[in-house]
Protein chains: 2
Amino acid sequence: MNSKLDEEFERVCRDKGLRLTGPRRVILNVLTKATDHPDAIEVHRRASLIDPGIAIATVYRTVRLLEDSGILESHAFGDGRTRYEPADREHHDHLINIETGDVIEFRSDEIERLQEEIARAHGFEIVSHRFEIFVKPLKTGKRKKESRSKR
Amino acid sequence: MNSKLDEEFERVCRDKGLRLTGPRRVILNVLTKATDHPDAIEVHRRASLIDPGIAIATVYRTVRLLEDSGILESHAFGDGRTRYEPADREHHDHLINIETGDVIEFRSDEIERLQEEIARAHGFEIVSHRFEIFVKPLKTGKRKKESRSKR
DNA sequence: TTAATTGCAAACAATTTGCCTGTTA
DNA sequence: TAACAGGCAAATTGTTTGCAATTAA
């Protein structure tokens with residue numbers, strides 16, 4: 001499953017003369033099937049369940065490789081650890097409910113457009129961005145039913 | 001100058017039974033007159049020019065204190081170091097030039113409004129947010145003249 | 001075969017902490 | 001002077017790197 005990323009990785013490896021090794025397959029697999037934003041230690045923990053011999057150093061080397069290849073996206077949520085997610089999903093931003101810690105993904109084309117405009121006005125093009133809104137429930141009124149994901 | 005923050009800090013100290021010491025004054029001063037986003041090491045460097053005896057550990061303890069008191073805001077721009085800026089300025093977001101590390105502040109009322117709308121649509125009110133756009137210079141076209149601040 | 005890759009441990013960089021002395025209220 | 005702070009160095013944490021052994025192509 002998620003063969004799109006696997007194929008992508010194979011292509012990248014061929015292009016760069018890199019080897020498609022066991023550890024790399026395992027780590028890529030862990031990441032493509034993650035629905036959250038695991039950090040390196042968590043990736044290592046999950047990879048170790050599949051192949052206990054994988055070293056944390058290999059995880060770091062591999063995520064860097066995957067990120068450089070555009071297969072992975074990394075996020076610094078501000079707690080000191082770098083978190084990763086597959087880059088093949090549609091871009092989204094995050095609403096974080098500070099009372100529960102829940103993360104709600106959202107997307108606003110208008111905001112996407114505006115930031116594009118702002119960057120261009122300053123003579124830049126956007127490489128990436130991060131938009132996190134920390135919220136709490138409105139005291140009045142009802143919250144829209146929402147599927148939310150943990151970090 | 002910037003007595004607003006100094007007063008604020010004095011008030012906080014009184015309220016919490018904390019002492020207004022030499023090192024704390026120096027570090028607060030360095031931060032209130034900073035127009036950029038220095039990290040702890042840079043704050044320490046600047047503080048050392050005023051009082052060479054200040055230890056980096058004191059910088060870390062003091063910025064944490066200041067942040068907990070709402071006098072300072074911290075940002076994790078993604079290069080592993082935490083950066084600080086006084087919390088008394090008008091809210092703004094950041095464009096980060098990934099090639100040079102320069103940080104450009106911007107403000108978009110429209111984005112402010114949109115995020116308000118998004119939060120409300122989900123049944124939340126905004127507590128705070130963080131919006132960082134990582135950019136690189138446009139290959140073509142000229143960049144708008146811009147006063148930019150080093151990180 | 002052989003250059004890329006890995007595991008391991010040591011190295012690093014940013015930040016935190018323990019401890020004992022110095023200082024502020 | 002008594003509790004709070006600071007200096008210093010050691011400890012932690014997350015991440016990177018050197019190197020000899022291993023492995024994919």
Side-chain angles (χ1 to χ4, degrees), chain A residues 6 9-31 37-48 50-69 72 74-84 151, chain B residues 6 9-31 37-48 50-69 71-72 74-84 101 151:
Chain A
D6 289 346
F9 188 41
E10 276 184 48
R11 191 186 54 71
V12 165
C13 288
R14 249 195 314 281
D15 287 1
K16 299 189 180 179
L18 303 174
R19 290 177 186 172
L20 208 46
T21 65
R24 284 183 178 162
R25 276 179 213 278
V26 170
I27 291 164
L28 179 61
N29 242 282
V30 163
L31 285 160
H37 306 82
D39 58 33
I41 284 135
E42 178 61 18
V43 171
H44 181 238
R45 201 189 57 75
R46 295 179 195 176
S48 297
I50 302 169
D51 175 353
I54 292 175
I56 185 75
T58 302
V59 171
Y60 279 109
R61 283 191 272 238
T62 303
V63 293
R64 186 200 292 177
L65 174 64
L66 292 170
E67 196 183 355
D68 290 349
S69 308
L72 217 59
S74 75
H75 303 282
F77 283 150
D79 59 0
R81 276 159 290 154
T82 305
R83 296 164 182 284
Y84 302 90
R151 276 200 177 174
Chain B
D6 288 346
F9 187 42
E10 274 183 48
R11 190 185 56 69
V12 164
C13 287
R14 252 194 314 283
D15 287 2
K16 298 190 179 176
L18 302 175
R19 293 176 186 172
L20 207 45
T21 64
R24 283 183 181 163
R25 277 180 213 278
V26 170
I27 290 164
L28 180 60
N29 242 281
V30 162
L31 284 159
H37 306 81
D39 57 34
I41 283 135
E42 178 61 18
V43 171
H44 179 240
R45 202 187 58 74
R46 295 179 196 177
S48 297
I50 302 169
D51 175 353
I54 293 175
I56 185 77
T58 301
V59 171
Y60 278 110
R61 283 191 271 238
T62 303
V63 293
R64 188 200 291 177
L65 174 64
L66 292 171
E67 195 184 356
D68 291 349
S69 308
I71 291 169
L72 218 60
S74 75
H75 303 281
F77 288 151
D79 59 359
R81 275 160 289 156
T82 305
R83 296 165 184 285
Y84 303 91
R151 282 191 171 178

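Each chain gets a letter, A, B and so on, in the order the sequences are listed, and its residues count up from 1.
Ile56(B) comes within 4.0 angstrom of nothing in the nucleic acid, heavy atoms only.
By the side-chain hydrogen bond (donor to acceptor under 3.5 Å, both in side chains) test, Thr82(A) pairs with no residue at all, sequence neighbours left out. Partners of His75(B) under the ring pair (Phe, Tyr, Trp, His ring centres under 6.0 Å) rule, at least two apart in sequence or in another chain, are Phe77(B), His94(B).
Here the closest non-hydrogen pair linking Ile56(B) and Ala40(B) is CD1-O, 3.8 Å. Among all heavy-atom pairs drawn from Thr62(B) and Arg24(B), the shortest one is OG1-CG, 4.0 Å. Considering every non-hydrogen atom in both Ile27(B) and Val59(B), the closest pair reads CD1-CA, 3.8 Å.
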Report, one pair per line, the protein and nucleotides 17-21 of chain C atoms (nitrogen or oxygen only) whose separation is under 3.5 Å.
unit_1: dG18(C); atom_1: O6; unit_2: Arg61(B); atom_2: NH1; d: 3.4

Measure all distances between protein nitrogen or oxygen atoms and nitrogen or oxygen atoms of nucleotides 10-12 of chain D, and list the pairs falling under 3.5 Å.
none

Identify all pairs in which a protein N or O lies below 3.5 Å from an N or O of nucleotides 23-25 of chain D, and state each distance.
unit_1: dT23(D); atom_1: O2; unit_2: Arg19(A); atom_2: NH1; d: 3.3
unit_1: dA24(D); atom_1: N3; unit_2: Arg19(A); atom_2: NH1; d: 3.2
unit_1: dA25(D); atom_1: OP1; unit_2: Leu20(A); atom_2: N; d: 3.2

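With rounding to the nearest 0.5 angstrom, the CG atom of Asp68(B) is 9.5 Å from the OG atom of Ser74(B). Atom-to-atom distance recorded for Arg19(B):CZ and Arg14(B):CZ is 15.5 Å, nearest 0.5 angstrom. Atom OG1 of Thr21(A) sits about 10.5 Å away from atom CG of Leu28(A), to the nearest 0.5 Å. Taking CZ of Arg45(B) as the start and CG of Asp39(B) as the end, the distance is 10.0 Å to the nearest 0.5 Å. Asp6(A) CG to Leu20(A) CG: the interatomic distance, rounded to the nearest 0.5 Å, is 8.5 Å.
Atom CG in Asp51(A) sits roughly 11 Å away from atom C1' in dT6(C) (whole-Å rounding). Look at CG on Leu65(B): it is 11 Å from C1' on dA5(D), rounded to the nearest Å. At whole-Å resolution of the value, CD in Glu42(B) and C1' in dA14(C) are 15 Å apart. Distance NE2 (His44(B)) to C1' (dG6(D)): 12 Å, rounded to an integer number of Å. Distance CZ (Arg81(A)) to P (dT13(D)): 11 Å, rounded to an integer number of Å. Counting to the nearest Å, the C1' atom of dT15(D) and the CG atom of Asp79(B) are 14 Å from each other. Atom CD of Glu67(A) is separated from atom P of dT16(D) by 10 Å (rounded to the nearest Å). For the pair Arg14(B) CZ and dT24(C) P, the interatomic distance rounds to 17 Å; values are reported in whole Å.
Side-chain N or O atoms of His44(A) include one that pairs as donor or acceptor with a backbone N or O of Ile54(A) at under 3.5 Å.
OP1 or OP2 of dT15(C) lies within a sub-4.0 Å distance of a side-chain N or O belonging to Thr82(B).
Salt bridge annotation for Arg64(B)-Glu67(B): absent, with no cationic side-chain nitrogen under 4.0 angstrom from a carboxylate oxygen.
For the pair Phe9(B) and Leu65(B), the minimum side-chain heavy-atom distance is below 4.5 Å. Residues Leu31(B) and Val63(B) form a side-chain contact, since some pair of their non-hydrogen atoms from C-beta on lies under 4.5 Å apart.
Taking the C1' atoms of five terminal pairs at each end of the helix from dT1(C)-dA25(D) to dA25(C)-dT1(D), the two resulting helix axes are inclined by 30°, rounded to 10°.
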